[in-house]
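The structure under discussion appears below in the form of structure tokens.
FYI, side chains are in, hydrogens and waters are out, and symmetry mates aren't considered; it's all heavy atoms of this structure. The chain is numbered in sequence order, starting from 1. As the structure lists them, so they are numbered: ligands from 1, and atoms in each ligand from 1.
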Amino acid sequence: VKNAIVERRTKVLFFESISNPTLTVADIPELSKLAHDKGTMVVVDNTFSPMVLSPARLGADVVVHSISKFISGGADVIAGAVCGPASLLNSMMDLHQGALMLLGPTMNAKVAFELSERIPHLGLRMKEHCRRALEYATRMKKLGIRVVYPGLEDHPQHHLLKSMANKGYGFSGLLCVDMESEEKANRLMHHLQNSSQFGLIAVSLGYYETLMSCSGSSTSSELNSEEKALAGISPGLVRMSVGYTGTLEQKWSQFERAISRMEVDST
Ligand SMILES: Cc1ncc(COP(=O)(O)O)c(C=O)c1O
């Protein structure tokens, strides 16, 4: 990154706080320092970790969110947020030059009000998304499933995330399991949705139900196989956005039921 930023020419360093779908955690203080040393502005997409991470406190200049995900929580709103200094936001709203003014992505006031009513329980929801994700990741690992979850000690950036995270929320509501092939990934998702109602096959995230997608053949399908390999997206990678309906134990028994059905099918 240091070599890629060219002093006085690179205007913005843009990255996700936790990457989609590989769940790599960015070192926000370190990347911010590298960028600022060369006069570059830092923009962080914090869609995967509202409440869990506060990139602005860790050095970012601007934080963006897809509100359609955890913040809305209902997969029913298409919206986004740009959080940054007043000077930047005012320039975006400039009558003659501002992108918000010229392109028109101004939120309907009723939608804005409705979203403001969901913010007070965002913390509670994130806590439960994260609590269940950690518990499932731990149990899946015990079953011998290959799991990627930044809350697990064996995740390469677990300690980094711990050092940056706001206390008490956990370590993200998303986890990935690597089923090795797209066929196995699809079979797992089929049973989790249709044999046991553990979750739904959908490419969104941050919903109250668990949502699952095979990233390589859905949200990252525009990449060719070489690019996917470079990005660490294996063909059997299943991204799960962990929901919080029912009790944790009810949901876990649905997961186990789907795994047993899958095993029966393959014998
Ligand atoms: C990390 C991240 N940022 C931004 C977006 C874009 O969100 P929207 O579709 O609300 O524009 C997505 C969508 O999946 C996402 O996962």
request  = Please step through ring-ring contact (aromatic ring centres under 6.0 Å, His included) for the pair H158 and F171, ending with a clear verdict.
outcome  = CA-CA 9 Å; H158 173 68; F171 303 106; 5.4 Å; yes
Give the atom numbers and elements of ligand 1 that come within less than 4.0 Å of a heavy atom of [X].
| X | answer |
| --- | --- |
| S68 | 10 (O) |
| T47 | 1 (C), 2 (C), 3 (N), 4 (C) |
| E16 | 1 (C) |
| D45 | 1 (C), 2 (C), 3 (N), 4 (C) |

ask   = For atom 11 (O) of ligand 1, which protein heavy atom lies nearest, and how many Å away is it?
value = S66 OG, 4.5 Å
message = I'd like to know if the side chain of Q157 and the backbone of T24 have a donor-acceptor N/O pair within less than 3.5 Å.
response = no
query = For ligand 1, is there an atom lying under 4.0 Å from some heavy atom of I78?
reply = no
ask   = Any non-hydrogen atom of K69 lying under 4.0 Å from ligand 1?
value = yes
ask   = Do the rings of F198 and F255 sit parallel, tilted or perpendicular, given the 30° and 60° boundaries?
value = perpendicular
query = Going by distance alone, is a donor N or O of one side chain under 3.5 Å from an acceptor N or O of the other, for D94 and S91?
reply = no
query = So, for D178 and E180, which heavy atoms are closest and what is the spacing to 0.1 Å?
reply = OD1-N, 2.9 Å
task = Mind running salt bridge (charged side-chain N to carboxylate O under 4.0 Å, His left out) on R139 and E135 for me, showing each step along the way?
result = CA-CA 6 Å; R139 294 185 189 191; E135 191 60 36; 2.9 Å; yes
message = Between ligand 1 and N20, is the shortest N or O to N or O distance under 3.5 Å?
response = yes
